[in-house]
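Letters A, B, ... mirror the listed sequences (proteins, then strands); counts begin at 1. Quantities reported herein were computed from a predicted structural model and do not represent experimental measurements.
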Amino acid sequence: MLEVKDLHVEVEGKKILNGLTLKIGAGEVHAIMGVNGSGKSTLASVIAGKDGYEITKGTILFEGKDLLEMEAEERAHLGLFLAFQYPVELPGVLSSYFLRTAFNATREARGEAPLSVVEFSKYLKERASFVEMDEELLKRAVNDGFSGGEKKRNEILQMAVLDPRFCILDETDSGLDIDALQIVARGVNKLRAANKSFLVITHYQRLLNYIVPDFVHVMIDGKIVKSGGKELALELEEKGYTWVRENVA
Amino acid sequence: MLLNLEGIAPEDWKYTSLSEVLSRKYTLGEKVKAEGSFLPGFKSILVVNGYAENLSEATETDSSLPFVKLNSQFSPGSLELTLTPDLPVHIVYVTKGNDVSSSPVFSSPRCDVKGEGLLVESFIGEGAYLNCPVTTFEVSPNKRIEHVRIIEEAGDHISAVLSKLNRDSYFSSTVFSFDGKLIRNDVVMTLAGENAFGVLNGLSIGNTSQHIDNNTVIDHQVQNCESRELYKGIYDDNSKGVFGGTIIVRPDAQKTNAIQSNRAILLSDDSTIDSRPQLKIWADDVKCTHGATVGKLDDNALFYLRSRGVPIKLARAMLIKAFASEVKVSNRAISDLIEEKITNKLTK
Ligand SMILES: Nc1ncnc2c1ncn2[C@@H]1O[C@H](COP(=O)(O)OP(=O)(O)O)[C@@H](O)[C@H]1O
Ligand SMILES: [Mg+2]
């Protein structure tokens, strides 16, 4: 589904990704673990199409299509979704209006008729209850004055509504207490399906107890240095990143 | 005729040049026919080139602003208005200018307001002209007046909104500056009676080579009054915004609480804003804060919207409107109208 090949990325002349290669098949859940500053969010942003990165080498293909040629919104229309590490507050932008606009823009891009306000609000309710979340968050301006936990929950709620096929979760667990973590994980698990893939970025193994990955990759200095099954996460938790570093070197 | 301005304070006109306005020869606006469109449910008053039915002789104001003096000198008369809470009033001021090849029209409507209620003033026009309207408010003890001004001029607009708040009164003024080549609003609010609460808000949206200058003065003369001020601006192309915000707290005005904020976003490289907050505080037991920010549209916010599938043009419009929406009007019919005008202006 997604294929990243030998990706080299610089920001303001500084090398951040150094030949990253990653292949994710349909229905698979991959986890990327790495210390702060290893380039995880940069990878997420580059896949999602944020400006300001210089891609000096490499390709990213989504179902064979060259993502690097596309604008962020076109990627979203194809079914890409990024749950942000730091969701942005948008005071004055009502959540329900924002989501309907995003949802209908995607439908139009796919040649489907947009949903009316009434149809969409019914759909919104369904999706919120599907991921067992309160739609109360959607009655406010997007993330405006939300707590850290509310913001992360809102990302998953948006994911449920937009129903993407490829989801990146960037440290969705950070700053969540155990209850909030379980709510978020349960939501993600409900959305798992044979035609959907996930890239779960995390710092700690904890989240992966709840969202069990098929593959785990360890990222150091902008590169994947070790890959394995879900047991790699546990091993990493036990032995630490220095262990990987020493083993690679 | 040439305009003969006396008593221009250079520091009040530092960022707005009058050389073009003063170099033109004007003809005085005449009593002609025109039409305006009015808000439903409002008492409607049409003013054309300063003329309306039932004008009284314009009285002197105690303002020393040069364009206010000019208005008193040339105004065909004053519209004396006593607002009532059950019937909001909508005045549409039309200025019929000359075609650009001949001398522009000078118009000086004057309106004096008291009572209690809501007043909306719209300014429209055609051709070449300079419109110099002056509106004064006397808010009596315990009364409440709300004022909304919507500027969509074809020519230039140099205006004054002068308000005096007496004991336990409330006044709010919201100035929307949309169209007009040169717009200058002198908004002066005097808190003259204890426990008065005054609000000055404004939203300016400039594009092409528009110049929009809001020069505001809040004068706390007595103790225990509060004022709130929020002026926001959105500037595109090579438009220019100016904000002057003076807050005066006189020696007797203890326990004053004044909050001022000026925020602007620049949508293009060639647009500019000059913001000049000034606190002149002579009392010691007061709470005054002011803040000014200038920025671009937030790239992270833009990316957030686009990453969800919102196309870039729409995403930008959503963020600009969200920025503008902080300047609120409580009346539903007006806020709907304003929203429509903002959309129109942004898609021009
Ligand atoms: N916009 C940027 N400008 C400059 N440096 C950046 C920028 N974004 C990220 N970096 C740097 O790139 C490195 C990787 O950052 P990031 O991708 O956020 O790592 P992670 O998500 O793994 O913590 C860090 O050293 C960070 O300081
Ligand atoms: Mg990160």
Worksheet item: Checking heavy atoms, do the side chain of B:Ser307, its backbone, both or neither come under 4.5 Å from chain A?
Response: both
Practice prompt. Using non-hydrogen atoms and a 4.5 Å limit, figure out which bit of B:Leu314 sits close to chain A: side chain, backbone, both or neither.
Written response: side chain
Can you tell me which portion of [X] sits under 4.5 Å from chain B's heavy atoms? Options are side chain, backbone, both or neither.
{"X": "A:Leu94", "value": "neither"}
{"X": "A:Asp144", "value": "neither"}
{"X": "A:Pro87", "value": "both"}
{"X": "A:Asp51", "value": "side chain"}
{"X": "A:Glu89", "value": "neither"}

Side chain [X], main chain [Y], donor-acceptor under 3.5 Å:
{"X": "B:Glu121", "Y": "B:His90", "answer": "no"}
{"X": "B:Lys181", "Y": "B:Ala154", "answer": "yes"}
{"X": "A:Glu69", "Y": "A:Asp66", "answer": "no"}
{"X": "B:Arg263", "Y": "B:Gly233", "answer": "no"}

Discussion item. With chain B as the partner, which of A:Val88, A:Leu82, A:Leu80 has the greatest number of non-hydrogen pairs under 4.5 Å?
Written reply: A:Val88
Fill in: Residue selection (most heavy-atom pairs with chain B, distance under 4.5 Å) from A:Pro91, A:Ser45, A:Ala102, A:Ala105
A:Ala102
Practice prompt. Report the C-alpha distance between B:His211 and B:Thr16 in whole Å, list the side-chain angles of each, state the deciding distance to 0.1 Å, and finish with yes or no for side chain to side chain donor-acceptor pair (under 3.5 Å).
Written response: CA-CA 8 Å; B:His211 183 108; B:Thr16 298; 2.8 Å; yes
Worksheet item: Is a side-chain donor-acceptor pair under 3.5 Å present for A:Glu28 with A:His30?
Response: yes
Worksheet item: Quick check: are there more than 12 heavy atoms from other residues, nucleotides or ligands sitting under 6.0 Å from OH of A:Tyr86?
Response: no
